[in-house]
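Encoded as structure tokens, the structure appears first; notes follow it.
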Protein chains: 2
Amino acid sequence: MSEKPYHHGNLKMELLEKGLAFVDEHGVEELSMRKLAEVCGVSSAAPYAHFQNKEDFLIQAQRFITEQFTETLQECIAAVKDKKKILLELGKRYVIFFYENPSYYHFLFSHGRVELTEYPPYQLFAEVVEEAFSEMGVKKKARRKKMLALWSMVHGLSGLSAMKGVLDGDDLEKEIEGILNAVEI
Amino acid sequence: MSEKPYHHGNLKMELLEKGLAFVDEHGVEELSMRKLAEVCGVSSAAPYAHFQNKEDFLIQAQRFITEQFTETLQECIAAVKDKKKILLELGKRYVIFFYENPSYYHFLFSHGRVELTEYPPYQLFAEVVEEAFSEMGVKKKARRKKMLALWSMVHGLSGLSAMKGVLDGDDLEKEIEGILNAVEI
DNA sequence: TTTTAAACTTGACAGTGATAAGATTAAGAG
DNA sequence: CTCTTAATCTTATCACTGTCAAGTTTAAAA
């Protein structure tokens with residue numbers, strides 16, 4: 001019958017994890033610091049030992065997701081053998097990530113909290129695209145615009161796919177592939 | 001010295017307008033029904049005569065913006081003479097609308113409230129694109145995917161442009177034009 | 001002119017973010 | 001091993017929020 005110890009031991013991490021699970025299930029607007037505290041079996045003020053305020057918690061939770069997202073992309077990049085397919089594969093993975101976690105898309109991009117310069121997925125994406133363009137013989141001057149166009153499309157499709165009714169979920173990969181391939185870079 | 005009448009007379013409309021102005025200035029998270037009531041010089045419970053609850057207010061406010069947005073797009077369509085340029089011009093107008101009102105983008109798409117099937121800008125966009133594709137000789141089977149690709153790009157760029165640091169604001173039109181033209185439909 | 005229903009106010013409730021003051025205890029210093 | 005200290009957590013409280021019930025005012029219909 002282990003009595004609950006006064007000190008939690010791993011509260012910060014549990015707050016982040018349970019918080020994200022809660023957001024995934026009920027959406028951001030339902031999340032409150034007090035509910036979160038209760039879910040973790042701790043008093044309502046306890047979270048404030050680890051986060052300055054709710055905003056700070058949300059920012060750190062976003063970082064947490066962003067890291068997962070970055071890892072997902074990195075794994076994808078590592079798994080692609082045929083380098084010619086990397087743009088398509090990366091784009092697909094990007095879109096699917098948010099299709100699978102629609103609330104994360106809102107959570108990340110809804111509040112203008114994400115700054116481009118400190119958004120690792122963008123850096124990663126930009127690097128891969130740059131390399132691919134180089135290999136494809138795209139002229140240097142055209143690269144930035146083409147890259148932004150591509151990113152817009154991938155990012156936009158991620159957002160739209162979070163809207164119900166846009167994508168056909170039956171054969172998602174094919175669907176996304178078809179859309180991304182519908183324009184020529 | 002006109003005494004404030006007991007009945008406001010035009011409260012619902014003023015709530016929507018002042019509410020949107022408030023959102024534009026301070027962001028959605030700062031908005032509360034009570035502040036809104038105060039801004040309109042009315043008691044804290046008065047808004048509930050016109051809106052079921054806050055969610056209902058937000059939905060109606062979104063409809064309100066969406067109408068403005070739709071009108072903007074319609075004016076744009078009407079103003080384009082060279083029909084070959086209509087895709088580009090419409091895309092530009094789409095992006096610029098949200099560049100000019102970044103908070104609106106978040107407001108509209110942050111909460112998954114917008115449903116594709118009842119989102120007039122999409123219908124409008126789809127019609128125009130369909131017609132343009134027909135004129136361009138795009139095969140019927142390819143149209144849906146191309147249209148989604150295009151819309152993703154335009155919509156995505158709108159979202160990204162709300163992130164500071166993505167677009168060069170000095171010559172915005174040229175910038176957007178360059179990006180949208182960087183891929184071939 | 002009377003009636004009625006819509007538009008508004010007042011006053012209340014539970015839930016929220018946040019802080020101050022105090023209790024507990026893990027971990028390092030001597 | 002003891003003492004100290006600082007991190008962690010609780011309790012109590014504040015101002016503010018969404019929302020509703022009950023009552024007030026008034027425009028407009030009967």
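Below, chain A is the first sequence line, B the second, and so on; all start at residue 1. This is a predicted model, so every value here is computed, not measured.
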In whole angstrom, give the distance that lies between atom CG of Asp56(A) and atom P of dG17(C). 14 Å

Would you indicate what Lys35(A) reaches in the nucleic acid, counting non-hydrogen atoms under 4.0 angstrom: base, sugar-phosphate, or nothing? sugar-phosphate

Heavy atoms only, 4.0 Å cut-off, all strands: where does Ser43(B) land among base, sugar-phosphate and nothing? base

Counting only heavy atoms not in Gln123(A) (residues, nucleotides, ligands), do more than 12 fall under 6.0 Å from its CD? yes

Without decimals, in angstroms, what is the distance between Lys54(B) NZ and dG15(C) P? 18 Å

Specify the residue among Ala45(A) and Ala49(A) whose closest nucleotide of DNA chain D lies further upstream toward the 5′ end. Ala49(A)

Separation of dA7(C) P from Glu14(B) CD (nearest whole Å): 15 Å

Tell me the interatomic distance from Gln52(A), atom CD, to dT19(C), atom C1', rounded to whole angstroms. 14 Å

When rounded to whole Å, the CZ to P distance for the pair Arg34(B) and dG17(C) reads 16 Å

With the side chain of Val42(A) defined as its heavy atoms from C-beta on, choose the nearest nucleotide among dC9(D), dC8(C), dT10(C). dC9(D)

Does the separation of the ring centres of Phe109(B) and His155(B) fall below 6.0 angstrom? yes

Take atom CZ of Phe57(A) and atom C1' of dA18(C), then tell me their distance rounded to the nearest Å. 16 Å

Consider the side chain of Asn53(A), meaning its heavy atoms from C-beta on, and name the nucleotide among dT16(C), dA18(C), dT10(C) that approaches it most closely. dA18(C)

Return the value, rounded to whole Å, for the distance between atom CD of Glu38(A) and atom C1' of dA14(C). 14 Å

Between Phe98(B) and Phe69(B), is the gap from one ring center to the other below 6.0 Å? yes

Please report the distance, rounded to the nearest Å, between CG in Asn10(B) and P in dA6(C). 18 Å

Could you tell me whether the side chain of Lys146(A) and the main chain of Val129(A) form a donor-acceptor pair under 3.5 Å? no

As a test of reading the structure: which of dT19(D), dT10(D), dA7(C) is closest to the side chain of His50(B), going by heavy atoms? dA7(C)

Any chance you could measure Leu73(A), atom CG, to Glu89(A), atom CD, to the nearest 0.5 Å? 12.5 Å

